[in-house]
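Per chain, numbering begins at 1; letters A, B, ... match sequence-line order.
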Amino acid sequence: MTTLKYQTVIIGGGVAGMAAATELHKSGSKVVLIEGNKKLGGQVNNWYKVFPNFRPASEIVNSLSTNLLKDKIPVLLETSITHIESNSGNYILKSNQGQVIEAETVLLATGFNTFDPSGKEEYGYGIYPNVLTSVELEQRLKTNTNGISPKRIALVHCVGSRDEKVNRLHCSKVCCVSAVKQAIELKEFYPNAEIICLYMDLRMYDNGFEELYRDAQLQHNIKFIRGRLSECALNIEKDLVLKIQDTLAGLPMKLTVDQLILMVGKEAHQLPQFDESIIIEKASHGFIKPADSHLNPNTTSQPGIFCCGTTSGPKTIQETISDARSASLAVCDYLNKK
Amino acid sequence: MNDIEKNVWRKYQKNIADDNYFFVRSCIRQNFFPASEQAFLKIMRNVLGKNVIEDPKHTTCAGIGYHSDVVTFDTLQTIMGRHFSLMTEAGIKNVAISCVTSFGLYSEVLETWKHFPKELEKTRDYLYKATGRTFEIPENIAHCSDIIYKFRNEIAQKATRKLVNAETGEPLSIVDHIGCHYSKIFPEYGEGGAEFPQVLTGMVSAWGGNSVDYPERRHCCGFGFRQYLVQANRGYSVSNTYKKLVSMEPYKPDFIVSNCPGCTMFMDKWQYTISEMEHKTFGDGNQGVPVLTYEEMAGLILGYNPWDLGLQMHQVSVEPLLKKMGIPYDESLKFADKNGHKSSVPFQPSYIL
């Protein structure tokens with residue numbers, strides 16, 4: 001079998017992988033982008049609109065993939081890297097399609113998975129049909145198929161984030177503002193419905209986030225309760241009865257809702273299998289640990305293997321694209337010195 | 001319950017021994033529902049033909065003392081070690097535990113020993129120095145309700161009646177209440193886990209009844225040690241029971257079944273308290289909702305005499321339920337001893353008839 005040779009193999013065709021491929025190509029690196037799914041875009045394909053400006057998510061994916069097409073950057077779809085081994089300073093990658101690829105550097109852009117809330121049975125996911133994840137809600141908003149006429153909807157923040165019980169201590173960073181965005185979208189969809197966010201903290205740290213949160217309260221009458229959900233059950237009318245601890249008032253409360261949205265957190269995506277000689281250190285939250293989080297955020301513990309985007313932890317789309325461009329500089333620097 | 005609800009429990013399957021059990025009794029049940037443990041032994045030995053060994057040297061597990069900060073964890077572990085020593089002496093490797101509090105504590109102690117082997121060493125040392133005893137760790141521990149659940153289909157085959165309304169033929173509506181310490185501490189120790197426990201609903205379904213879910217199904221019964229042990233806190237205890245009874249009211253349950261000594265007692269007796277405090281009654285004709293143990297439920301379908309099952313010990317009268325199920329009983333023998341000698345009749349409450 002012929003071995004394909006590239007300077008850089010990028011694993012993962014989400015927004016990070018696409019942005020990095022374009023930048024590396026511009027720098028003259030011979031690069032290939034590998035994506036396990038049928039199309040490029042990764043998790044952003046699952047989103048309808050993005051915060052804070054309600055831009056259609058497809059615009060971002062289309063823009064990045066158009067650049068790839070324009071530059072004729074090779075892309076292997078429906079291809080997963082199953083094994084990586086080192087070979088005289090280079091890397092040999094084997095795919096599920098039988099390809100063997102030799103590369104001087106590997107850029108991991110494998111992204112994230114969303115937390116599966118079915119393990120938190122008390123939230124009723126997978127048990128009651130009107131309990132959805134934030135990702136499923138995006139799909140319904142996208143296709144206009146939410147299919148209910150709710151009087152009240154609750155969005156629960158931090159599902160699978162900052163939760164010791166499920167061994168997820170990290171903050172997923174984008175769920176707070178995603179919830180505010182989805183609450184506004186739901187209010188626009190159902191103007192007469194009461195929309196309630198049950199939050200732990202509201203981390204409105206980036207440009208436009210605080211304004212969006214303020215807008216949600218003043219213009220859309222979204223209610224924010226600092227409260228933790230302890231249990232979801234059905235009453236005899238088949239409404240969802242939520243038991244909540246109002247952590248500001250220090251009191252338990254009950255809320256009857258028609259739909260419950262779980263703002264699921266981000267967790268590390270599985271990496272390809274590495275040869276024993278390759279050591280990629282991971283941080284306590286399971287994402288890749290950069291060699292130096294301040295000065296070399298895209299360098300891993302293994303020379304020649306780099307990471308970008310949410311492979312090293314939760315990020316917004318904007319941060320992901322910036323991080324991917326930063327990674328491409330790190331890769332170029334490595335190739336130049338080699 | 002929808003299909004998904006019915007199946008969520010399946011990921012929590014526990015291993016329950018087939019035979020040869022060392023039976024450890026419950027302090028509360030021996031006082032308040034003494035015939036339930038007797039019914040368990042009768043079903044195990046006479047109906048299922050199983051070997052169940054008891055030892056009169058078995059003592060309290062000290063759970064109530066432990067949960068009220070009177071007994072230390074070291075003492076608790078040593079008491080449990082002594083129980084395992086009795087089991088070892090009897091040549092048995094499986095423990096059948098009558099009490100949910102004890103079951104939670106046996107689970108807690110075994111998990112502690114698994115994760116902190118030095119605690120086990122220390123316990124062995126304490127027990128040996130105090131009594132000269134040694135012990136083996138059991139191969140299997142199960143709550144007695146687990147064991148009845150395991151053999152529910154065999155019991156159904158030998159039953160003389162089902163959990164149905166004799167007049168209409170409709171299944172009885174039954175709500176279950178699982179003791180918190182059965183599966184909320186270690187969901188994997190409970191049959192069906194903590195959120196959708198199967199241990200009692202499995203029996204109800206196998207014996208022809210209709211198990212009803214309701215919003216406060218998982219809520220504490222009100223037994224909570226720190227609630228009832230301190231007299232000033234008993235209002236919390238009553239409030240919890242009240243919350244559960246109000247929540248299940250729209251489903252019109254024919255009876256409540258529980259696997260926990262304290263839950264059975266409080267959900268039964270607090271109905272009287274609530275009726276006196278609030279003039280609020282539950283159930284058909286303001287007669288209250290009977291609260292049965294799972295052995296009493298099993299005994300009724302196996303055709304046991306209701307008074308031999310100790311149903312006269314309940315605060316809420318069970319006669320309306322017996323009538324509904326078409327179970328014959330002799331009212332005049334309700335408060336009679338085994339020889340038919342009648343004892344005095346308890347005071348009748350004002351609101352629950």
NZ/A/K254 to NZ/B/K243 distance, rounded to the nearest 0.5 angstrom?
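These two atoms lie 5.5 Å from each other.
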Does [X] [atom1] have over 12 foreign heavy atoms under 6.0 Å away?
X: A/K289; atom1: NZ; result: no
X: B/D284; atom1: CG; result: no
X: B/F73; atom1: CZ; result: yes
X: A/F189; atom1: CZ; result: yes
X: B/K162; atom1: NZ; result: no

Audit row: B/E216, A/K243, salt bridge (Lys or Arg N to Asp or Glu O under 4.0 Å) steps and yes/no
CA-CA 10 Å; B/E216 299 293 356; A/K243 285 173 129 180; 2.4 Å; yes
Apply the test side-chain contact (heavy atoms from CB on, under 4.5 Å) to residues A/L234 and B/Y214: give CA-CA distance (whole Å), side-chain angles for both, the deciding distance (0.1 Å), then the verdict.
CA-CA 7 Å; A/L234 282 190; B/Y214 65 105; over 6 Å; no
How close do B/R218 and A/A233 get, counting heavy atoms only, and between which atoms?
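Scanning both residues, the minimum pair turns out to be NH1-CB, 4.3 Å.
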When you measure from the side chain of B/Y251 to the backbone of A/I236, do you find a donor-acceptor pair of N or O atoms at a distance under 3.5 Å?
yes
